[in-house]
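Atoms within each ligand, like the ligands themselves, are counted from 1 in listed order.
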Amino acid sequence: MMRTRPLKVALLGCGVVGSEVARIMTTHADDLTARIGAPVELAGVAVRRPSKVREGIDPALVTTDATALVKRGDIDVVVEVIGGIEPARTLITTAFEHGASVVSANKALLAQDGAALHAAAEEHGKDLYYEAAVAGAIPLIRPLRESLAGDKVNRVLGIVNGTTNFILDKMDTTGAGYQEALDEATALGYAEADPTADVEGFDAAAKAAILAGIAFHTRVRLDDVYREGMTEVTAADFASAKQMGCTIKLLAICERAADGGSVTARVHPAMIPLTHPLASVRGAYNAVFVESDAAGQLMFYGPGAGGSPTASAVLGDLVAVCRNRLGNTTGPGESAYAALPVSPMGDVVTRYHISLDVADKPGVLAQVATVFAEHDVSIDTVRQKGRNQGSGDEVAVDQGGGGRREGEASLVVVTHRASDAALRGTVEALRKLDTVRGVASTMRVEGE
Ligand SMILES: NC(=O)c1ccc[n+]([C@@H]2O[C@H](COP(=O)([O-])OP(=O)(O)OC[C@H]3O[C@@H](n4cnc5c(N)ncnc54)[C@H](O)[C@@H]3O)[C@@H](O)[C@H]2O)c1
Ligand SMILES: N[C@@H](CCO)C(=O)O
Ligand code: NA
């Protein structure tokens, strides 16, 4: 039976995502009403710049006082798409205190304060949904929270930042420069308000923290996630990756330890084989692999950023929360019963691609190999290119030439799996060798 009183929605923020949420709420109003079982009404829109013309939004709904809007008392659902920590955090907790459920796209806030926000939602018997916070339009939070609730997830690996995937893809396929590609991603609405969050890996790390927490039923905060951005990735790295039949992606990797007693979460650029499905994820698309005991391998793929795709996830949550409200119930809250410790990056086992500039003279290769052996890191392949190309080297690889000087050779070592601590120790020791003039790049190799 159709309820006549509309469910009232307060929209906080009307930027890239918020404006699309408002548009879809208006254009799909009849379908939303039919799916929910009651009309949904946009009851107020909090903005920072009230003078801006907002197509399709009644100016009478616009306010600069977000606090007064969430305190009104008649709001059923607050949609928070402002971003950042404050005032978003206080607005969300105030919303719960005043009887509203919350839909948010704010991964930075959820990664930092998810536990407290979940506790506040539970205390007030309200919902906190945030499908849009991880991998934009791709259904990922609810499949992990609900569809896989009966399985045991062991690993989540993927591309969860659209901006950096867009930039890396452009650099790889068109040879575009970093800044040019970043400007384009920003103009297309993919980047965060401060794109440092994207390119330095903070955004992906926040998403990794959220994913790891939900996947492993534990608490993982942003600070627990090892993070390296993609600003240091160069054209020479791409050339090197190509020589190995790889490309470079910024990956988020969350793993349960083999003994099940701890977890790790990390974000860093990595080489992956061109044959791996993640290698063909282009532009601002995201893709996430989930590996679980019973299901095996699942892959989630789709648009990871942008106003309209992100609004799709927000609207999906809005429908779910409205249905819960009509049924006087709430969806699943935080599940952190496993309380697993997060191990440091040094414990992670992975492979490394190391590119060295070395003195082009006899014995250097043996010296370098000894350092690897001393650190218990086993070498898979070595490739060398000196001034006399093809002079007995097994494979000659052009590392782009870069800053290599007269009398120098380039040595590329790819290791077998070893602990990150052992690999780092190896690189430090290599730097100290007189014959090693520089470590041009070190990059992990994943997905093999
Ligand atoms: N853009 C994307 O592709 C995308 C994808 C997924 C999640 N998100 C998340 O969605 C949220 C919004 O992102 P966006 O891209 O729309 O950002 P945006 O900067 O385009 O929009 C945010 C809006 O909030 C407004 N605002 C700031 N403070 C305010 C306040 N106190 N009261 C009212 N309005 C205020 C700003 O003026 C701006 O218009 C962020 O948490 C972001 O991480 C964005
Ligand atoms: N800035 C984010 C938005 C989606 O969360 C990205 O590029 O992926
Ligand atoms: Na999502």
Quick one: does Ile82 get a heavy atom under 4.0 Å from ligand 1? yes
Is there a nitrogen or oxygen of Leu12 sitting under 3.5 Å from a nitrogen or oxygen of ligand 1? no
Gap between atom CD1 of Ile248 and atom CG of Leu251 - 0.5 Å precision: 10.5 Å
Taking everything shown except Glu55 itself, do over 12 heavy atoms lie less than 6.0 Å from its CD? no
Is Lys107 touching ligand 1 with its side chain, its backbone, both, or neither, if touching means heavy atoms under 4.0 Å apart? side chain
Is there a donor-acceptor pair closer than 3.5 Å between any side-chain N or O of Thr218 and the backbone N or O of Leu340? yes
Determine yes or no for a side-chain-to-main-chain donor-acceptor pair under 3.5 angstrom, with Lys207 supplying the side chain and Ala205 the backbone. no
Is there a donor-acceptor contact under 3.5 Å from the side chain of Ser312 to the main chain of Ser308? no
Does the cation-pi check pass for Arg155 over Phe289, that is, NZ or CZ under 6.0 Å from the six-membered ring centre and within 45° of its axis? no
Strictly inside 4.0 angstrom of atom 17 (O) of ligand 1, do you find any protein heavy atom? no
Short question: side chain of Asp317, backbone of Tyr130 - any donor-acceptor pair under 3.5 Å? yes
Under 4.0 Å between heavy atoms, the region of Thr310 that gets near ligand 1 turns out to be side chain
Looking only at atom types and distance, does a side-chain atom of Lys249 sit under 3.5 Å from a main-chain N or O of Val281, one as donor and one as acceptor? yes
Mode of Ser104 contact toward ligand 1 - side chain, backbone, both, neither (heavy atoms, under 4.0 Å): neither
Option whose closest heavy atom lies nearest to atom 3 (O) of ligand 1, chosen from Gly306, Gly84, Gly307: Gly306
Atom indices of ligand 1 within 4.0 angstrom of Gly83 heavy atoms, with elements: 40 (C), 41 (O)
Are any of the N/O atoms on Glu192, whether in the backbone or the side chain, positioned under 3.5 angstrom from an N/O atom of ligand 1? yes
Going by the atom numbers of ligand 1, which of them fall below 4.0 Å from some non-hydrogen atom of Ala46? 33 (C), 34 (N)
Using a 4.0 Å cut-off to any heavy atom of Val81, which atoms of ligand 1 qualify? 12 (C), 22 (C)
Reported CD-to-NE2 distance for the pair Glu446 and His268, which is rounded to 0.5 angstrom: 5.0 Å
Amino acids in close contact with ligand 2, where any non-hydrogen atom sits under 4.0 angstrom away: Lys107, Asn161, Gly162, Thr163, Tyr190, Ala191, Glu192, Asp198, Asp203, Lys207, Gly304, Ala305
Please examine the side chains of Ile82 and Leu91, heavy atoms only from C-beta on, and report whether any two atoms are closer than 4.5 Å. yes
If you draw a sphere of radius 3.0 Å around the Na ion (ligand 3), how many protein N/O/S atoms end up strictly inside it? 5
Between the main-chain N or O of Thr164 and the side-chain N or O of Asp198, is there a donor-acceptor pair closer than 3.5 Å? no
Between CE of Met299 and CD of Glu291, what distance do you get to the nearest 0.5 Å? 12.5 Å
Backbone of Leu278 reached by a side-chain donor or acceptor of His276 within 3.5 Å: yes
Candidates Gly136, Ala105, Gly304, Ala193; heavy atom nearest atom 10 (O) of ligand 1 found on Ala105
Among non-hydrogen protein atoms, atom 14 (P) of ligand 1 lies closest to Val17 CG2, 3.9 Å
Measure across Arg325 and Leu7 and return the closest heavy-atom pair with its distance rounded to 0.1 Å. CB-CD2, 4.4 Å
Can a donor-acceptor pair be found, under 3.5 Å and without considering hydrogens, that links the side chain of Arg221 to the backbone of Gln112? yes
